[in-house]
S.K.: 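So that we are looking at the same thing, I have put the structure below in structure tokens.
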Amino acid sequence: MANKIQAVKGTREFYPEQMALRNFIYNKIRSAAQAFGYQEWDAPFIETIDLYAAKSGEELVKKQSFTFEDRGGDFVTLRPELTPSLARMIAAKQGELTFPVRWWSFGPFWRYEQPQKGRTREFFQWNVDMLGVNSPEADAELIAVGATFLRSVGLSPERALIYVNNRRLMDSEFDALGIPAEKRLDVSNLVDRRTKMEPAKWDTYALDLGLNQAQLDGLKSILGNYELWKNSDELVRLFATLEALGVKEYVKFDPNIMRGLLYYTGTVFEAFDTSGSLKRAIFGGGRYDNLLADVGGQPLSGVGFAMGDVVIGIILQEAGLAPEFIPSPAQVLVTVFDEKLWMQSFALAAELRAAGLNVMVSPEPTKLPKQFKFADKMKMKIALVLGPDEVEKGLVVVKNLVNGEQAQVKKEAVLDSIKSVLKNA
RNA sequence: GCGGAUGUAGCUCAAUGGCAGAGCAUCACACUGUGGCUGUGAGGGUUGUGGGUUCGAAACCCAUCAUCCGCCCCA
């Protein structure tokens with residue numbers, strides 16, 4: 001056991017059961033994105049370190065990404081996020097793309113962080129972006145894509161909500177309090193930490209940052225004011241659009257949602273599970289301006305969000321919303337009676353596959369009970385038996401494994417018999 | 001990078017210094033043309049690894065590795 005080579009820390013091993021969940025998520029993601037006309041795309045999994053260093057800061061890249069020197073002496077990074085690649089690819093074809101661009105992607109990402117519940121070093125992430133339009137109505141569409149996904153996996157608004165805020169609104173509120181622009185990053189961090197700290201310590205922290213008591217009281221008043229969105233034309237339009245799009249029940253205004261200051265400039269949003277054991281965001285995103293500035297494109301506004309597969313996977317399992325795992329994609333087993341009749345079973349299976357069925361045949365002439373047990377474990381629906389009696393008369397036994405009923409039918413009628421059993425199963 | 005917990009059969013876990021066990025799973029048989037249910041039996045262990053204390057260690061001590069949980073961070 002000690003000599004076994006273990007999987008790299010934080011990587012994922014997808015046994016068929018986990019793979020089924022991943023594919024379930026993928027299929028729901030695809031449906032939600034395509035329902036709004038988004039196109040699937042992807043970028044390289046490996047990029048030069050410079051692509052991230054330019055925007056994200058070198059320390060972040062070196063500490064929290066998988067970076068190594070390739071055989072040619074170049075430093076490359078396993079992609080920790082998709083946005084820089086998106087920016088480059090959009091900029092490269094900015095003159096020929098049809099705007100607004102609506103793109104979505106689902107693929108692997110890597111971050112060199114300490115694994116814990118809901119976080120791994122290797123994960124799959126759904127990215128959805130709309131580029132080339134700057135309007136609250138576009139923001140609402142992205143939120144609606146996310147809400148459509150939540151609804152499609154069975155997460156009701158009682159179970160999951162998308163909290164929305166607006167950076168411009170908060171900036172003007174901070175201005176009104178006399179908080180200088182250079183303190184905004186600190187204040188954003190302060191707001192982000194509010195739920196994690198004890199109130200008294202949070203107050204001290206705020207005063208340490210240089211806020212005066214009046215500003216602190218004003219800040220608390222803002223963060224407790226859930227009607228504040230009415231002061232923002234953008235948010236008023238956003239919520240009107242969400243109502244028209246039929247997803248308003250999934251969305252709540254919350255002045256505590258900040259998402260840092262790195263590149264969000266307008267609407268920001270984060271989805272949370274409201275009743276599970278995980279306090280991590282399901283997905284998050286917002287509006288960003290000047291996405292292409294660092295990669296040499298013309299200014300272009302966009303809105304987008306990202307969702308990792310790990311947190312949503314845990315939530316679906318805890319909520320009992322993960323689909324039942326069906327081990328075998330084949331619903332029909334053609335049993336092998338004995339070595340003499342073995343090839344007849346293979347031939348029958350081939351006929352059935354040609355007719356479009358998924359069919360398995362035992363790869364060895366084992367005892368019938370063993371073959372039936374196998375079919376049972378694989379949750380197969382039908383077993384066929386080709387014994388000496390049947391072969392002699394041109395018959396096949398079709399057994400319904402769900403209710404145990406079986407019948408001898410003519411070989412030509414096997415397909416119809418199977419289809420009728422499957423229809424009723 | 002920091003802190004806490006846990007490593008015993010394939011899995012979930014007992015055994016608190018004195019013979020390493022149970023349940024589930026696996027396999028066989030009851031049942032040589034039929035799965036699930038039941039019964040009987042069998043196989044399966046360098047107690048994560050290395051060292052130390054002891055007449056004696058799964059247990060106590062040290063180190064190490066791994067996993068989980070949290071902090072930091074979260075592009």
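Numbers restart at 1 for each chain; the letters A, B, ... are given by sequence-line order, proteins then strands. Basis for what follows: all heavy atoms, side chains included, without hydrogens, waters or symmetry-related copies.
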S.K.: B/C72, B/A75, B/G36: which one has an atom nearest the side-chain heavy atoms of A/E81?
M.R.: B/A75

S.K.: Examine the side chains of A/T265 and A/D289 and answer whether a donor and an acceptor come within less than 3.5 Å of each other.
M.R.: yes

S.K.: If you draw a 6.0 Å radius around OH in A/Y205, do more than 12 non-hydrogen atoms from other residues or ligands fall strictly inside?
M.R.: yes

S.K.: What integer number of Å spans the C1' atoms of B/A57 and B/U49?
M.R.: 16 Å

S.K.: Just compare B/A75, B/G35, B/G33 and give me whichever is closest to any side-chain atom of A/P80.
M.R.: B/A75

S.K.: According to the Watson-Crick and G-U wobble definitions, with both distances under 3.5 Å, which nucleotide is paired to B/U16?
M.R.: none

S.K.: Evaluate the ring pair (Phe, Tyr, Trp, His ring centres under 6.0 Å) criterion for residues A/F124 and A/F106: first the C-alpha distance (whole Å), next the side-chain angles of each, then the deciding distance (0.1 Å), finally the verdict.
M.R.: CA-CA 7 Å; A/F124 284 76; A/F106 183 74; 5.6 Å; yes

S.K.: Only one of A/V332, A/L386, A/V359, A/V361 passes side-chain contact (heavy atoms from CB on, under 4.5 Å) with A/L348; say which it is.
M.R.: A/L386

S.K.: Can you check whether any acceptor in the base of B/G33 is under 3.5 Å from a donor in the side chain of A/E390, or vice versa?
M.R.: yes

S.K.: A/V8 or A/G387: which one's nearest nucleotide on RNA chain B is closer to the 5' end?
M.R.: A/G387

S.K.: One thing to verify: whether A/D171 and A/R167 come together as a salt bridge, which I'm taking to mean a side-chain N less than 4.0 angstrom from a carboxylate O.
M.R.: yes

S.K.: Partner of B/C37 by Watson-Crick or G-U wobble geometry, both contacts under 3.5 Å, or none?
M.R.: none

S.K.: Which of the following nucleotides, B/G33, B/C69, B/C74, is nearest to the side chain of A/P388?
M.R.: B/G33

S.K.: Could you tell me how the ring of A/W103 sits relative to the ring of A/W41: parallel (under 30°), tilted (30 to 60°) or perpendicular (over 60°)?
M.R.: tilted

S.K.: Which nucleotide in the set B/C73, B/C74, B/G1 lies at the smallest distance from any side-chain heavy atom of A/K196?
M.R.: B/C74

S.K.: Is there a side-chain contact between A/R193 and the phosphate of B/C71, meaning an N or O under 4.0 Å from OP1 or OP2?
M.R.: no

S.K.: Work out how far the C1' atom of B/U54 is from that of B/C61, and round it to whole angstrom.
M.R.: 12 Å

S.K.: Can you tell me which nucleotide in B/G35, B/C74, B/C2 comes closest to the side chain of A/L401?
M.R.: B/G35

S.K.: Under 4.0 Å, counting only non-hydrogen atoms across every strand here, what does A/F374 touch: a base, just sugar-phosphate, or nothing?
M.R.: nothing

S.K.: Using atom C1' of each nucleotide, how far apart are B/C13 and B/G50 to the nearest Å?
M.R.: 26 Å

S.K.: Polar-atom pairs under 3.5 Å, protein N or O versus N or O of nucleotides 27-31 of chain B: list them with distances, or write none.
M.R.:
unit_1	atom_1	unit_2	atom_2	d
B/C29	OP1	A/K367	NZ	3.3

S.K.: Using Watson-Crick or G-U wobble geometry with both distances below 3.5 Å, tell me the partner of B/U26, or none.
M.R.: B/A42

S.K.: Can you figure out which of B/U34, B/G36, B/G70 approaches the side chain of A/V385 most closely?
M.R.: B/U34

S.K.: Taking only the P atom of each, what is the distance from B/A59 to B/C19 in whole angstrom?
M.R.: 14 Å

S.K.: Is there, by distance only and without an angle test, a donor paired with an acceptor across the side chain of A/R111 and the base of B/C73 below 3.5 Å?
M.R.: no

S.K.: Do A/E405 and A/N400 get their side chains close enough for a donor-acceptor pair, meaning under 3.5 Å?
M.R.: no

S.K.: With C1' as the reference atom in both, quote the distance from B/U38 to B/C65 in angstrom, rounded to an integer.
M.R.: 45 Å

S.K.: Describe the nucleic acid contact of A/V336 in one word from base, sugar-phosphate, nothing, applying a heavy-atom distance below 4.0 Å.
M.R.: nothing

S.K.: Across all strands shown, which nucleotide pairs with B/C2 by Watson-Crick or G-U wobble geometry, both distances under 3.5 Å?
M.R.: B/G70

S.K.: Could you tell me how far B/U8 sits from B/A15 if I compare only their P atoms? Round to whole Å.
M.R.: 14 Å

S.K.: Among residues 404-419 of chain A, which contact RNA chain B at a heavy-atom distance under 4.0 Å?
M.R.: A/G404, A/Q406

S.K.: Scan every strand shown for a Watson-Crick or G-U wobble partner of B/U64, both distances under 3.5 Å, and answer none if you come up empty.
M.R.: B/G48

S.K.: Who does B/A59 pair with, Watson-Crick or G-U, both distances under 3.5 Å?
M.R.: none

S.K.: Quick one: the side chain of A/K399 and the base of B/G35, do they pair up donor-acceptor inside 3.5 Å?
M.R.: yes

S.K.: State whether a side-chain donor-acceptor pair under 3.5 Å links A/R280 with A/Q116.
M.R.: yes

S.K.: How far, in whole Å, is B/A14 from B/U6 if one measures between their C1' atoms?
M.R.: 16 Å

